[in-house]
Amino acid sequence: MTAIVVVGSVNADLVTRVPAHPAPGETVLADGMTVLPGGKGANQAVVAARLGGDVALVGAVGTDAFAAAAVPGLRRAGVDLTALATVPGPTGVALVTVDDEGENAIVVVPGANGSVDATAVGRHVGLVASADVVVVQGEIPTAGSEAAVRATTGRVLLNLAPVVPVLREVLALADPLVVNAGEAWRLLSDAGRPVPEGEPFAVVDELRDLGPRSVVLTLGGAGAVVLDGASDAGPVVVPAPVVKVVDTTGAGDAFVGALAWRLAQGDGLVDAVRTAVRVGAYSVTTAGAQPSFPTADDELPSLSR
Ligand code: RIB
């Protein structure tokens, strides 16, 4: 039995730093480029494994040179890769630009991630069904994510990053649905629902009305708001530690991977989020996605306010 199964994307990240993101039609020069392992699914699997979780990944890489950049980080973290397929064609690639504020802009070319459909996930139904927590995101075909959610007998952590259309009955199994403010806005707009401006409590209420069992709205440096359907507590604010931001790339993945780890360990949702915001904060203090994730031995920033 594997405690956490992540069904998701594996990318090679081509990362550049620029003083400011280019405006439409503008060209800017960068000092250089690094190739790092990435992909939201891989990142989440890596952080959960580094923190001590028993983690497997269902996904795919291609047959090009980028596969060699994408996979070693997973292997080093101890993620079970028996369900990672190699398919003919290119590996997923992410073009990541980070500005002087540490904010990122990302374009993803899915490549092999596009092969992780319902058939591909169906080959690993036993693995998915054996997990305490199954994590899915929006970088593989929706049919693949939906097949994973349907096969889950444990808890579904649905991270709609990026936002993709999902069936209502699939959304209804999310416990929790995790989105950031921009994703919440997109999800509610696409559902034709009112989008409350600057009112996180109203946003989580609206998101909960879409059907998930619980909702976690991440707010970057402002922490997160949790609405747990199994509790009468109403929305709970979880503040984040104050840290110096170097690079936000992968912070959401650090949060989700840590959340999956704590939920698999038996924490309640709010307690799990308290750890996840600290792991997310840790990750923004150094550059890159996977290179910025803590291990179980690293000291996390504390919630001192
Ligand atoms: O969330 C960060 C990740 O998004 C990057 O690693 C990139 O691969 C994209 O998937």
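Start at 1 and go down the list; that is how both ligands and their atoms are numbered.
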Side chains of residues 88-96: which donor-acceptor pairs under 3.5 Å do they make with residues two or more places apart or in other chains?
residue, atom, partner, partner atom, Å
T91, OG1, G62, N, 3.0
T91, OG1, D64, OD1, 2.6
T91, OG1, A67, N, 3.3

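- No side-chain donor-acceptor contact under 3.5 Å links D190 to the backbone of L187.
- Contacts of A147 classified as side chain to side chain contact (heavy atoms under 4.5 Å, CB included), with partners at least two apart in sequence or in another chain: A118, V121.
- Of all the heavy atoms in L210 and A191, the pair that sits closest is CD2-CB, 3.8 Å.
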TODO: Walk me through it: do R208 and D205 pass the test salt bridge (Lys or Arg N to Asp or Glu O under 4.0 Å)?
DONE: CA-CA 5 Å; R208 176 87 166 85; D205 272 338; over 6 Å; no

Under 3.5 Å, N/O to N/O: give me all the pairs between ligand 1 and the protein, one per line with atom names and distance.
residue, atom, partner, partner atom, Å
ligand 1, 1 (O), K40, NZ, 2.9
ligand 1, 1 (O), D253, OD2, 2.7
ligand 1, 4 (O), K40, NZ, 3.1
ligand 1, 6 (O), D13, OD1, 3.4
ligand 1, 6 (O), D13, OD2, 2.5
ligand 1, 6 (O), G39, N, 3.1
ligand 1, 6 (O), N43, ND2, 3.0
ligand 1, 8 (O), N11, ND2, 3.0
ligand 1, 8 (O), D13, OD1, 2.6
ligand 1, 8 (O), G39, N, 2.8
ligand 1, 10 (O), N11, ND2, 3.1
ligand 1, 10 (O), K40, N, 3.4
ligand 1, 10 (O), E139, OE1, 2.9
ligand 1, 10 (O), E139, OE2, 2.7

Would you mind writing out the side-chain donor-acceptor pairs for residues 253-266 within the sub-3.5 Å range, not counting sequence neighbours?
residue, atom, partner, partner atom, Å
D253, OD1, Q44, NE2, 3.3
D253, OD2, N43, ND2, 2.9
R262, NE, D267, OD2, 2.9
R262, NH2, D267, OD1, 3.2

